Amino acid sequence: MVRTRFAPSPTGYMHLGNLRSALYTFLFARANNGKFILRIEDTDRERYVEGAVDVIYRTLKSIGMDWDEGPDIGGDYGPYVQSERKDLYLPYAKELVKKKKAYYCFCTEEELQQRRDEAAARGETFKYDKHCLHLSEEEVQARLDAGMPYVIRQNVPEHGEASFDDVLYGHIAVDCSDLDDMILIKADGMPTYNFANVIDDHTMGITHVMRGNEYLSSTPKYNLLYDAFGWEKPVYIHMTPIMRDATHKLSKRDGDAYFEDYINKGYLKEAIVNYVALLGWNPGDEREFFTIDELIKAFSVEGMSKSPAIFDVNKLTWMNAEYIRRLTPEQFTEYALPYYEKAGVKTDHTDVLARILQPRTEVFTQIPEMVDFLAALPDYDVELFTNKKSKTNPEVAAKVLDMAIAALEALPDWEEQQIHDTLLNLAAANEMKNGTMLWPVRIAMAGKQVTPGGAIEIAVLLGRDESLRRLKAGREKLN
RNA sequence: GGUCCCGUGGUCAAGCGGUUAAGACACCGCCCUUUCACGGCGGUAACAGGAGUUCGAGUCUCCUCGGGAUCACCA
């Protein structure tokens with residue numbers, strides 16, 4: 001039975017890189033009919049952010065990533081919050097001490113820092129010299145009894161090789177002499193992240209450890225621990241980071257590294273997930289659009305990339321536009337409504353608005369500037385009436401507007417089809433291009449060169465009174 | 001600096017010894033058209049460099065270069 005876990009620290013919002021890692025971890029579990037476990041790693045009180053756990057829950061749920069075991073729903077391997085597991089680790093470390101795979105160390109931070117500085121001065125890389133490993137058992141016991149603060153360190157063999165196999169990267173081996181005796185238990189009795197991770201993953205029965213690339217070089221050390229305990233090692237799958245550019249990770253400093261940032265900017269969560277899934281993974285065919293269920297069906301580690309991917313807002317935006325176009329008009333309106341309000345646009349014709357806006361909206365936040373002219377006619381220059389292709393200019397426009405105003409005023413009902421037929425028949429009757437008729441009408445009603453939709457849709461949205469008022473005002477300008 | 005990892009167009013990314021080196025985004029052009037979009041058609045553009053192995057190398061090996069990660073009582 002495959003068991004994977006996502007183990008975020010509650011330090012704020014959901015970083016896109018984290019989100020993608022969580023997604024792949026989730027997909028892998030689901031694709032293999034396994035369990036997906038959520039574990040909260042909150043041992044760092046300094047970085048703990050109030051409410052961050054809820055953000056994690058909410059975000060994962062909202063995109064359809066449900067977990068089988070976790071702090072909120074429990075499970076057979078709890079607790080699932082690391083701070084509640086704090087008493088679990090020390091006995092394991094002591095077991096290692098018994099096996100001579102770890103040892104008590106009484107060196108203080110100051111002493112270590114001094115030795116580190118000295119090493120740096122000599123241009124060497126500092127490595128703990130196993131000073132305390134050579135203490136006699138009696139000496140150790142005496143210091144323990146005296147209540148001296150201590151730390152427990154891993155006893156890495158001086159020679160030989162430490163290695164592991166990664167599904168993506170293959171066999172990775174390092175020489176033990178390059179490894180430092182890392183601290184397992186800190187002076188405050190708490191485990192270090194590395195140690196807690198190993199213990200948690202093992203005791204929770206995690207079969208596949210999926211995590212960021214940055215652990216690639218420390219994993220051999222982890223495996224030494226598994227060997228020391230005599231535990232079966234998990235399968236490792238290391239995942240690449242998402243980059244801002246060739247040399248920098250997407251980071252909070254960029255101000256656009258978080259899932260929430262993009263939601264606020266008017267992106268659809270489905271589009272973000274879809275895009276991010278494809279950054280670093282490909283399904284092996286030409287498909288680009290996936291629901292979460294489709295991702296589960298299509299996912300496999302073979303499609304995962306070994307090199308980092310640069311985040312391209314451009315493509316996200318394109319994909320978001322595609323998702324927007326696939327919405328029903330009703331769904332579109334639901335998303336767009338707050339933005340209509342923001343622009344001060346009130347209309348009963350949300351169907352018409354959806355029709356003209358849906359193919360033109362890449363991101364919802366673009367909507368206000370596209371529709372603001374409906375709420376208030378902008379000041380505009382009569383030169384806007386000039387358009388070569390439509391064969392119109394202020395003089396032509398004056399004539400066209402006279403005709404249009406007369407014809408539209410005579411309309412029994414202010415209804416789209418009627419407005420359309422009236423205007424086009426008028427153009428035909430006067431032997432002019434449709435554009436020659438419609439350009440001035442649109443400009444007079446909108447007061448700007450570029451508008452979503454054409455003269456007819458705008459007339460419907462504005463309604464009879466406002467349309468005619470604007471047309472007349474436009475005509476006035478041309479005197 | 002030591003160790004480890006990565007390297008196909010601007011970006012994502014197919015390719016797993018024999019291809020005219022896919023596709024998508026972006027960009028450019030044309031068509032459609034009532035402005036702008038949407039849509040349709042077409043185009044520019046890549047194997048980091050060098051040695052080897054091989055009849056044949058983007059694919060295998062080595063070196064160089066470039067980039068990243070890691071070397072904490074932080075996670």
Side-chain angles (χ1 to χ4, degrees), chain A residues 7-9 11 41-44 46-47 82 105 107-109 112-113 116 120 123-127 149-153 166 168-170 172-175 177-180 182-188 190-194 196-197 212-220 238 240-241 243 245-249 275 278-282 284-288 303 305-319 321 325 356-362 370 384 387 389-390 420 423-424 427 433-439 441-443 446 448-458:
Chain A
S9 297
T11 56
E41 307 212 332
D42 60 345
T43 49
D44 188 355
E46 307 257 309
R47 294 207 299 169
Q82 214 166 43
C105 173
C107 298
T108 65
E109 281 193 77
L112 289 172
Q113 193 51 51
R116 239 190 294 275
E124 292 170 13
T125 309
F126 174 77
K127 199 183 138 191
Y150 67 89
V151 90
I152 297 180
R153 308 187 87 111
D166 186 277
L168 254 38
Y169 294 98
I172 292 177
V174 299
D175 205 295
S177 60
D178 289 327
L179 267 23
D180 204 359
M182 67 172 175
I183 289 170
L184 270 20
I185 299 290
K186 300 184 271 187
D188 62 2
M190 293 291 277
T192 55
Y193 168 81
N194 298 289
N197 234 258
N213 231 336
E214 65 267 28
Y215 298 105
L216 216 43
S217 47
S218 45
T219 302
H238 284 91
T240 58
M243 308 293 282
D245 54 45
T247 55
H248 304 275
K249 276 194 206 184
Y275 172 67
L278 256 22
L279 252 191
W281 171 79
N282 84 83
D285 55 39
E286 301 280 80
R287 284 180 297 165
E288 290 203 284
S305 177
K306 287 201 281 187
S307 45
I310 297 172
F311 187 84
D312 182 6
V313 200
N314 238 339
K315 184 144 188 181
L316 201 217
T317 302
W318 164 79
M319 183 162 270
R325 283 176 214 130
I356 64 174
L357 253 20
Q358 219 173 330
R360 282 168 249 254
T361 307
E362 296 178 296
M370 287 198 281
L384 273 193
N387 181 267
K389 224 179 132 201
S390 297
H420 174 271
L423 257 17
L424 291 206
K433 296 176 67 170
N434 289 340
T436 311
M437 181 83 242
L438 295 167
W439 179 279
V441 172
R442 188 177 62 86
I443 293 301
K448 63 198 275 194
Q449 186 163 12
V450 174
T451 57
I456 292 140
E457 288 96 344
I458 293 171

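Note that the coordinates shown come from a computational prediction; the quantities given were computed from them, not determined experimentally. Per chain, numbering begins at 1; letters A, B, ... match sequence-line order.
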Legend entry - Complementary nucleotide of G58(B), counting Watson-Crick and G-U pairs under 3.5 Å: none
Legend entry - Residue whose nearest RNA chain B nucleotide is more 5′ - I356(A) or E288(A): E288(A)
Inset, instruction - Would you mind pulling out the nucleotide paired to U70(B), Watson-Crick or G-U wobble, both distances under 3.5 Å? - result: G2(B)
Inset, instruction - For C41(B), give its Watson-Crick or G-U wobble partner with both distances under 3.5 Å, or none. - result: G29(B)
Inset, instruction - Classify the nucleic acid contact of A455(A) as base, sugar-phosphate or nothing, counting any heavy atom under 4.0 Å across all strands shown. - result: base
Inset, instruction - Identify which nucleotide among U3(B), A75(B), A72(B) has an atom closest to any side-chain atom of N194(A), counting heavy atoms from C-beta outward. - result: A75(B)
Inset, instruction - Tell me the partner of G7(B), counting only Watson-Crick (N1-N3 plus N6-O4 or O6-N4) or G-U wobble (N1-O2 and O6-N3) with both under 3.5 Å; none if nothing fits. - result: C65(B)
Inset, instruction - Taking atom P in both C28(B) and A37(B), compute the distance separating them and give it to the nearest angstrom. - result: 10 Å
Legend entry - Phosphate contact (A24(B) OP1 or OP2) by R287(A) side-chain N/O below 4.0 Å: no
Inset, instruction - Please work out if T451(A) contacts a base, only the sugar-phosphate, or nothing of the nucleic acid, heavy-atom cut-off 4.0 Å. - result: base
Legend entry - Side-chain heavy-atom pair V441(A), I456(A) within 4.5 angstrom cut-off: no
Inset, instruction - Check every strand shown and say whether E214(A) touches a base, only sugar-phosphate, or nothing at a heavy-atom separation below 4.0 Å. - result: sugar-phosphate
Legend entry - D245(A) CG - G66(B) C1' separation (whole Å): 14 Å
Inset, instruction - Look at all strands and tell whether T240(A) reaches a base, only sugar-phosphate, or nothing, counting heavy atoms closer than 4.0 Å. - result: nothing
Inset, instruction - Choose from C73(B), U70(B), G68(B) the nucleotide whose nearest atom is closest to any side-chain atom of S217(A). - result: U70(B)
Inset, instruction - Consider the side chain of R116(A), meaning its heavy atoms from C-beta on, and name the nucleotide among C73(B), U35(B), U34(B) that approaches it most closely. - result: C73(B)
Inset, instruction - Would you kindly check whether a donor in the side chain of R442(A) faces an acceptor in the base of U35(B), or vice versa, at under 3.5 angstrom? - result: yes
Legend entry - Polar pair under 3.5 Å, donor/acceptor by atom type, side chain K389(A), base U33(B): yes
Inset, instruction - Kindly indicate whether the side chain of K315(A) and the base of A24(B) share any N or O donor-acceptor pair separated by less than 3.5 Å? - result: yes
Legend entry - pair E41(A)-N197(A): side-chain heavy atoms closer than 4.5 Å: yes
Inset, instruction - Can you tell me, in whole Å, how much space there is between the C1' of C5(B) and that of G18(B)? - result: 31 Å
Inset, instruction - Rounded to the nearest angstrom, tell me the gap between atom CG in L424(A) and atom P in U34(B). - result: 8 Å
Inset, instruction - Answer with base, sugar-phosphate or nothing: what part of the nucleic acid does I443(A) contact at a heavy-atom distance below 4.0 Å? - result: nothing
Inset, instruction - Determine the contact category for Y215(A): base if any of its heavy atoms lies under 4.0 Å from a base atom, sugar-phosphate if only primed atoms, P, OP1 or OP2 are that close, otherwise nothing. - result: base
Legend entry - Under 3.5 Å donor-acceptor, T436(A) side chain and S390(A) backbone: yes
Legend entry - Counter-base of U53(B), judged by Watson-Crick or G-U geometry with both distances under 3.5 Å: none
Inset, instruction - May I ask you to verify whether the side chain of T125(A) and the base of G1(B) hold a donor-acceptor pair under 3.5 Å? - result: yes
Legend entry - Whole angstrom value for the distance that separates C1' of A75(B) from OH of Y193(A): 6 Å
Inset, instruction - Could you state the atom-to-atom distance from CG of D285(A) to C1' of G15(B) in whole Å? - result: 15 Å
Legend entry - Rounded distance in Å between the P positions of G49(B) and C65(B): 16 Å
Inset, instruction - With C1' as the reference atom in both, quote the distance from C47(B) to C41(B) in angstrom, rounded to an integer. - result: 29 Å
Inset, instruction - Starting from C1' on A26(B), measure out to CG on L278(A) and report it in whole angstrom. - result: 16 Å
Legend entry - Taking every non-hydrogen atom, the tightest pair across K186(A) and P191(A): CE-O, 3.4 Å
Inset, instruction - Counting Watson-Crick and G-U wobble pairs only, both distances under 3.5 Å, name the nucleotide matched with U34(B), or none. - result: none
Inset, instruction - Indicate yes or no: at least one non-hydrogen side-chain atom of Q449(A) is less than 4.5 angstrom from one of W439(A). - result: yes
Inset, instruction - Taking the side chain as every heavy atom from C-beta outward, state whether I310(A) and D312(A) have any atom pair closer than 4.5 Å. - result: no
Legend entry - Separation of C73(B) P from D188(A) CG (nearest whole Å): 12 Å
Inset, instruction - With the side chain of N282(A) defined as its heavy atoms from C-beta on, choose the nearest nucleotide among A14(B), U3(B), A24(B). - result: A14(B)
Inset, instruction - Look at all strands and tell whether G453(A) reaches a base, only sugar-phosphate, or nothing, counting heavy atoms closer than 4.0 Å. - result: base
Inset, instruction - Pick base, sugar-phosphate or nothing for E286(A), based on heavy-atom distances below 4.0 Å to the nucleic acid. - result: base
Inset, instruction - Check every strand shown and say whether A446(A) touches a base, only sugar-phosphate, or nothing at a heavy-atom separation below 4.0 Å. - result: nothing
Legend entry - Atom C1', compared across C38(B) and A46(B): separation rounded to whole Å: 31 Å
Legend entry - P-based separation of A14(B) from A24(B) [nearest Å]: 15 Å
Legend entry - Sugar-phosphate, base or nothing in reach of C105(A), heavy atoms under 4.0 Å: nothing
Inset, instruction - Please measure how far the P atom in A72(B) lies from the corresponding atom in A45(B), and state the result in whole Å. - result: 49 Å
Legend entry - Spacing between W318(A) atom CH2 and G39(B) atom P, to the nearest angstrom: 10 Å
Legend entry - Any side-chain heavy-atom pair of T240(A) and S307(A) under 4.5 Å: no
Inset, instruction - Decide yes or no for T192(A) and M182(A): does some side-chain heavy atom of the first lie under 4.5 Å from some side-chain heavy atom of the second? - result: no
Inset, instruction - Look at all strands and tell whether Q449(A) reaches a base, only sugar-phosphate, or nothing, counting heavy atoms closer than 4.0 Å. - result: base
Legend entry - Sub-4.5 Å side-chain heavy-atom contact between T361(A) and M370(A): yes
Inset, instruction - Identify which nucleotide among A13(B), U35(B), U11(B) has an atom closest to any side-chain atom of D312(A), counting heavy atoms from C-beta outward. - result: U11(B)
Inset, instruction - Look at all strands and tell whether L279(A) reaches a base, only sugar-phosphate, or nothing, counting heavy atoms closer than 4.0 Å. - result: sugar-phosphate
Inset, instruction - Could you give the distance separating A69(B) and C31(B) at their P atoms, to the nearest angstrom? - result: 49 Å
Inset, instruction - Give a yes/no on whether any side-chain N or O of N314(A) is located under 4.0 angstrom from OP1 or OP2 of A26(B). - result: no
Inset, instruction - Would you kindly give the CG-to-C1' distance between L438(A) and U33(B), to the nearest whole Å? - result: 11 Å
Legend entry - Mate of C16(B) where both pairing distances stay under 3.5 Å, Watson-Crick or G-U: none
Inset, instruction - Report the nucleotide, chosen from C38(B), C36(B), U3(B), that has the shortest atom-to-atom distance to any side-chain atom of V174(A). - result: U3(B)
Inset, instruction - Between I456(A) and Y275(A), name the one whose nearest nucleotide on RNA chain B is closer to the 5' end. - result: Y275(A)
Inset, instruction - Looking at every strand, decide which applies to A187(A) at a 4.0 Å heavy-atom threshold: base, sugar-phosphate, or nothing. - result: base
Inset, instruction - Examine C16(B): is either OP1 or OP2 under 4.0 Å from a nitrogen or oxygen in the side chain of K306(A)? Give yes or no. - result: no
Legend entry - Least distance between heavy atoms, P308(A) atom then M243(A) atom: CB-CG, 3.5 Å
Inset, instruction - Look at the side-chain N and O atoms of S305(A) and state whether any lies under 4.0 Å from the OP1 or OP2 oxygen of C12(B). - result: no
